[in-house]
Each structure stands twice: as C-alpha cells, then as structure tokens.
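Quick notes on the structure that follows.
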Amino acid sequence: MTTTEIKYTQQNQTVSGKQPATVEVAVPLPLDTTFHYRVPEDLAPRIQPGVRVFVPFGRRKVTAYVLRFSTPPEGQQLKGLLDVLDPEPLWTEAELTFFQWIADYYLHPLGEVLKTALPTGINLQSRSSVDGEAVSGGKKVRHERVFSALPADAPVKLRGKGLDILAFLRQSGSVSSAELKVRFGECSPNLRRLVELGLVRMSEHEVYRDPFAGLSVTKDSPKPLTLHQQQALTTILTALDSRYFSPFLLHGITGSGKTEVYLQGIAHTLAAGRNALVLVPEISLTPQLVQRFRARFCDGIAVLHSALSDGERYDEWRRIRRGEVRIVIGARSAIFAPLERIGIIVVDEEHEASFKQSDGLRYNARDLALVRGQQEQAVVLLGSATPLITTRFAAQQGKLGYLSLPERVGNRPLPATSIINTRMTAESPLSPQLIEALADNLERGEQSLLFLNRRGFASWLVCPACGADLQCPNCSVSLTYHRQRRKSLCHYCDYQVPAPCICPSCGELELKEMGVGTERIEHELLEQFPGARIARMDSDTTSGKGGHARILDKVGRGEVDILVGTQMIAKGHDFPGVTLVGVLQAEGSLYLPDFRATERTFQVLSQVIGRAGRGELPGRVLLQAMTPDHYGIAYAADHDFERFYQEELLFRQELNYPPYGFLAAIKLSATSEKSLTSAAEQSAAVLRSIKSRLGLRVEILGPAPAPLYRLRGRFRQQILLKDSSRAALRRLLIAYRREQSLPATVRMAIDIDPVDLL
DNA sequence: AGCACGCCGACT
DNA sequence: GTCGGCGTGCTC
C-alpha cells in the first residue's frame, strides 16, 4: 500500500508552458500503486484534484481519480489523459486525505476506496472498446420541462385544451410538465403547438428525485430535558463550542431519551454554522428516527440508505456536495458523504454489527466516524444502551468522554424480568408460565412480544429410523424446515428444495421435526389462543418494500395481540402498547464460535427486554433459558450493564482479546478445498517467516486442519492474528500483503478488527 | 480486475 | 497440425 500522504502543490496548477502538467491518479482496481498521466493542453483548464478522468490503461480505458498534480517520474513515457469527466471536483482535499487514511488503515487500494465512497451508478465502467467514443460522466441527472406563458396575443384559431393551458400558464407563471399533465392529462402535443406559436416558452431545469416526496410531517419543538439529559447536553455544547475533536460515549438505557440529546446537540451545531452527520444501523428499520429529525429541522436533510434507487442516491449525494444540506442521516456508507464543515457526528446504536461492511472494503463506519471527527475537529457521539465492551473500556480509560443517561424519561420503571429455567422442561417450546402470562395479557387486551432468534418452522427434519438429516450441498449445514412454504432451505445461501415427505435415504414414512423456529411458535400460539390476533415478523414475512412497516404499523394500531419475531422485533420501533415480552431460548446465540458471542447475546437480550413497558403501563419480561445463570443472560435480565461489563472484561483479559489485545483475520476462500488448504498453509508459513524475520511476537492462530466452513459454494478458511500491539499486527500484515502471492482461484480479505483509534 | 502471453492436452 | 486450458505478469 502506498503510504504517501496527499499533498497539493497548488503552484503547479498555475505553472504553464514550461513542463507538461502531469497528474497522479488512483484507479478503481485491486492495485496498490498510483499512476501518472500527462495532461493534454486542451484538458488542462478543467483538471483539478478530486475530478474523475478517463485514461488509457494497458489495452483498456478506465475511469480514474485525480489525486494531485505531480512532478513527472524520471525517464518514463507517460500516456495522456483522454478526458475529464467532472466539471467540479468530487471531493475536497480533506476528504481525499480521509480516504487515503482509510486505504492505508484497511490495506485496501485507494482507487477502490474512492469508488466505494461514490454513489453507485456514477462510475463510468471500464471500457475495452477501442475507438474514441463519446464519454459522459456515466451519471443521470434528471431534467424537468418547465413552461411559462409569453406576452403575446393568442390567435383566434386557438381553441379547447390549448387555450385552457395557455390561460392557466398566464395565471400561474412557470409550471412543470408533470404538473400540467396532472391537471390537463396528456398535453404534450398542445404544448408543442403553443411553443411553435411563440405563446409559451419551454426551459429545462435540473430536478432532484426526492425520497420524501409526498410525505409531510408536523413540526415539533425541543422537549424539556431530564436532569441527566441536561447534563449530557451541557457537556456536548461546551465541546462543540471548543471546536476541538471531542468523542463521547452517550450511554443511555432504553427509553432514556438519547435522541432528544442528539437533536438538541445538532440544533446547536447548525446554529453555529456547522453541519451534522448521523449514522444509524439500518435506516429502513428506523423510519421513526428520520421522522423525528424532519419534524424538528424540516428541510436541509439528506437521507442515504440501501433502499434508495440509484437515481435518488445520486441526487442526495449531489445535494450534499453542493452544500444544500445541513444534516445527513444514513447507514454505514453515509460516513463517506461529501458533507463539509462537520461539527457533530452521531453514531446511534454504536454497538450494532451492521456498521461493519464485510465485503470489498471492509470498514467499520463506527470507527471511521471517530477518524473523520478527528480530522474535522468535530464532536463524535457514540450512543447506545449497550455499548461495545471496547467503547466502554475506552471511556473508562478516559479516551472518550462518558455521558450517562441512567433513567428513563418520565421515571418509567424498567420492566420486571424473571427467568424460567427450561432445562428440565424441554418438551414444549412455550413454558406454562409464559402461556399463563400471555393468556393474562390477552384477557386485559394488552400486547405481547415473543422473541426467538431463529426463523422457520422446525429447525430441521430428521429421520427417526436412520438418523439422516437434509444438508445444504453448498454450506454443509442442516436445512431449515419451513412448513408454510413446504420447503427446506439453507439460511446461509438460500439453497432450497421441496421439503421431503419420506426419508430420502431410507424411505421411512414419517420424519421427525427437530428444533423450533418462529413459524412453529406462531403455529403453536394459534392452537393455544384460537381467538388471538397473531403476527409474525422475520425475514420471511418482511420481504419486499415496506414489509417491515406493514407489520409494525399493524402492531402500532393495536391490531395485533401477539407478535412473534426474530432480532428485527428488538430494533427501532417503539410499541407503547406492549406490556409483556417473552424470550425463547435466550442462549440461542451464546455458543457461537465467536469471542463476541456473549457480548452480542447480552446486547440483543437487553434490547428486546427494553421493548416492554414503553407506554403508560408497566412492562414485564419472561425469559426462557436452559442456562439461566450465564452472565450474558442473568445481567441482561437485571438491566445491569456494568456488572456484565466487568465480568466480560475478565474473560477478555484472560485470553488477550479486545480491548486487551488486537485481532486481525486473513480470510481465504476458494472453490476447491485442495487449493484452499495449500494456500492457507502457505500463508501461515509466510506469516511465520515474516514474524521471525521482523522479531514480532504476534500470535498466529490457524489455519484449522480442515476448511472452517463452506458458504455459497466456496470453502472458507482463516488465519487469526492476535497481539497486544496493533503496530506489530500491521507490520506483519503489510509485509504479508507484499510478499504473499496467492493463486488466482483463491480470494483473500483482511479483517482488521477491532480497533483502538484514540 | 481484465487482458495478453505462454506452454501442454484432445480434436475438426 | 490447431483450439483452448488457466498459470503468470503487467497496467503510468
């Protein structure tokens, strides 16, 4: 990876004539180097750092990004640029510096980082065709036709629709073709005629595609704060006024009013002339949050998330770039938004794993928020009820300011939680206590939530005679049985087959259903409570646009008595009517082969527990677990983050896991097991040799004797690197990247995680 | 990533 | 005799 810093030599820009101007560019390809090109004289006036250019590259032509003017390297015949693709730079110097930092940190080619930072669809594809074809920016700006009346007398022959349109235009000034179409129906022939007659003028305007089109909000105003909110806000405002980089953990329990603190902090930032960036885990799951921002700030908000069309995303990006936006709200990729003068960055639910991008450029937006905040001298607010262990630790070390909201707004009590030990009573997935509680709630007309972190009907089908179960041919995991669809499918790769009726290997006539999923619970509830209105929310019932909203709205309107669901019921929406939360198999995610499994379990349990009693009525929680004493479960039930944190720290310290040590993973995958195994062994050998040569103490774990798993038809293997020094890890990784060359059939990715950025 | 060059197996 | 396999190397 190139580690050269981006520096601009503005003088070069004005130097003319003597030496041919040359530029250094990055190409969006997996290459560690940058390239230099000669700038033809006719293109020179349009070239600036931050614009895209079209360049000859080998036998191809590709889009490249101009980093800086350069002094031409010695004795090399440079090729000339073919074209300049942008009238304005796409990025400022500060942004390019940020992207260079990312490229260095994540060991990823700068050109690909820049490509990732751009809205999809803007990039001109590489072209191998030869002739000098016309080149545009590869983008699509939407134009709108606007008509207005000219002061001329209408000839008498004009009648009917044409005359009506003309009268309307005279009355209302400029009107868009879309509006005319709504009012008069198909009228382009009439309009063309009016233009020909010199009665009407047509012009084209650039318009933005508006994701909020047709959605209105009622304005609200700042709410009074609790004492803790006020204290947190005061600290934040002081930090904002200091104009120094000031990172904070805003640790607020569910219902403590973190959002109101964000809103008022942002209002202060805007008033001081700076802008705000808000990162949320899954914006499509939290339309409520966006609504609150719009209600408070009206216009000047851009939203960036995966549900936008390419056109909408591109338009939002342009609005931000042009400074027409003061607040950007978005999912992880919004950290790349071209927003200038950032005064505050909010990372809401900072513990969420969805801030991490797990293919291509493997970045974590939560981490990058700190980096960008540092570069912008901004306030960074990491908000969560269950912060990452790493974040809480950094706050304890004084690297982050610690702001605590330990009470719910309005002094609402936390739900009373009891744990039911199901070790001995495994025959029914719903314990008698839970059934009784559900019955009570139904009788009182209150709503209940049932959480189970597994979708499908039964987890799998087993033959009672021969013991065979159905496996995914790609992923080597048991297929999950979905009764409604009469299918067995793989939850990893979406492989599916019709559910078998008889055992495929021995012909036994009846297969046994093992394990439990949300679909099975729904079925069970329908039998137990025939009159109840039951809904299910998991990825099977929320497919398609607005799938989440459809179910959530029903619950919100009180049309559902019991909602069964996976993770996704734990997030986002408030249900003021929910007074009972039931958790099935609380330990469901506890024993995964991941050192963060306990942390994740604690987080999701805390979240789902926090869904109870958010309205007027108090809530209660019943938690079914086979290992109820496990600290990840017990402390979640007690709403005791601090005790959990202390315990988890001991475990991490013992094994030198984060925050006490640093981890990186070299992830390899291939279609053949054989080539993968040899590549992994070779990689480990290379790593060990570098390690001894450089005298590093890094722990090299793996590769495992056989490929770890198979996913989407590819075998996967990884080598873990662990050390108490991040610098040592990085030295090892950089040397490895330089020295290791893998066969083309093997793909490699490096995960650098977690981080200590402060 | 593409795209070429380059050296070994089954085919019109 | 050639078409084509994918290993290796390069792209200012």
Side-chain angles (χ1 to χ4, degrees), chain A residues 1-4 6 9 12 19-41 43-44 47-85 96 100 103 106-118 120-131 133 135 138 359-362 667-683 686 714-715 737-750:
Chain A
M1 189 75 266
T2 127
T3 48
T4 35
I6 291 183
T9 42
N12 273 9
Q19 265 191 336
T22 65
V23 284
E24 187 175 351
V25 304
V27 175
L29 292 172
L31 301 168
D32 290 352
T33 41
T34 55
F35 296 85
H36 296 263
Y37 286 87
R38 188 172 44 76
V39 182
E41 216 153 293
L43 296 180
I47 205 101
Q48 295 174 71
V51 296
R52 289 171 308 158
V53 287
F54 205 50
V55 298
F57 194 72
R59 257 142 289 249
R60 298 179 286 162
K61 297 171 181 181
V62 296
T63 300
Y65 310 99
V66 175
L67 302 173
R68 55 179 83 82
F69 290 95
S70 63
T71 41
E74 297 291 309
Q76 216 180 57
Q77 193 56 48
L78 298 188
K79 291 186 180 177
L81 299 177
L82 297 173
D83 202 357
V84 177
L85 302 179
L96 287 172
Q100 179 74 62
Y106 290 111
L107 307 172
H108 202 81
L110 178 56
E112 292 202 325
V113 173
L114 293 170
K115 191 180 169 189
T116 312
L118 239 29
T120 49
I122 193 176
N123 251 33
L124 193 65
Q125 281 314 298
S126 312
R127 295 184 187 181
S128 47
S129 59
V130 206
D131 357 76
E133 67 276 35
V135 164
D359 50 48
L361 170 63
R362 295 175 166 243
K667 301 190 168 182
L668 302 168
S669 78
T671 45
S672 107
E673 182 165 356
K674 215 168 143 197
S675 63
L676 179 64
T677 306
S678 73
E681 278 163 12
Q682 214 182 83
S683 284
V686 170
R714 294 183 75 86
F715 293 92
R737 279 253 316 202
R738 203 170 34 233
E739 292 176 26
Q740 175 67 299
S741 69
L742 295 163
T745 53
V746 178
R747 288 213 290 256
M748 180 189 68
I750 295 178

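Below, chain A is the first sequence line, B the second, and so on; all start at residue 1.
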Inset, instruction - Carefully, step by step, assess Arg737(A) and Asp32(A) under the rule salt bridge (Lys or Arg N to Asp or Glu O under 4.0 Å). - result: CA-CA 10 Å; Arg737(A) 279 253 316 202; Asp32(A) 290 352; 2.7 Å; yes
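Rounded to whole angstrom, the span from the NZ atom of Lys115(A) across to the C1' atom of dG2(B) amounts to 13 Å. Distance Asp32(A) CG to dC12(C) C1': 15 Å, rounded to the nearest Å. Counting to the nearest Å, the C1' atom of dC12(C) and the OH atom of Tyr65(A) are 17 Å from each other. At whole-Å resolution of the value, CG in Leu82(A) and P in dC12(C) are 11 Å apart.
Partners of Leu82(A) by side-chain contact (heavy atoms from CB on, under 4.5 Å), not counting sequence neighbours, listed by chain and number: Phe54(A), Pro56(A), Lys61(A). Remark: Ala64(A) engages Val25(A), Val27(A), Val53(A), Val55(A) in a side-chain contact (heavy atoms from CB on, under 4.5 Å) (not counting sequence neighbours). In this view, Glu681(A) satisfies the side chain to side chain donor-acceptor pair (under 3.5 Å) rule with no residue, not counting sequence neighbours. Under the rule for a side-chain contact (heavy atoms from CB on, under 4.5 Å), Glu41(A) has no partner lying at least two apart in sequence or in another chain. Under the side-chain contact (heavy atoms from CB on, under 4.5 Å) criterion, Ser669(A) pairs with Arg714(A), Arg716(A), Arg747(A), sequence neighbours left out.
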For nucleotides 9-11 of chain C, tabulate all protein N/O to nucleotide N/O atom pairs closer than 3.5 Å, reporting atom names and distance.
residue, atom, partner, partner atom, Å
dT11(C), O3', Gly58(A), N, 3.0

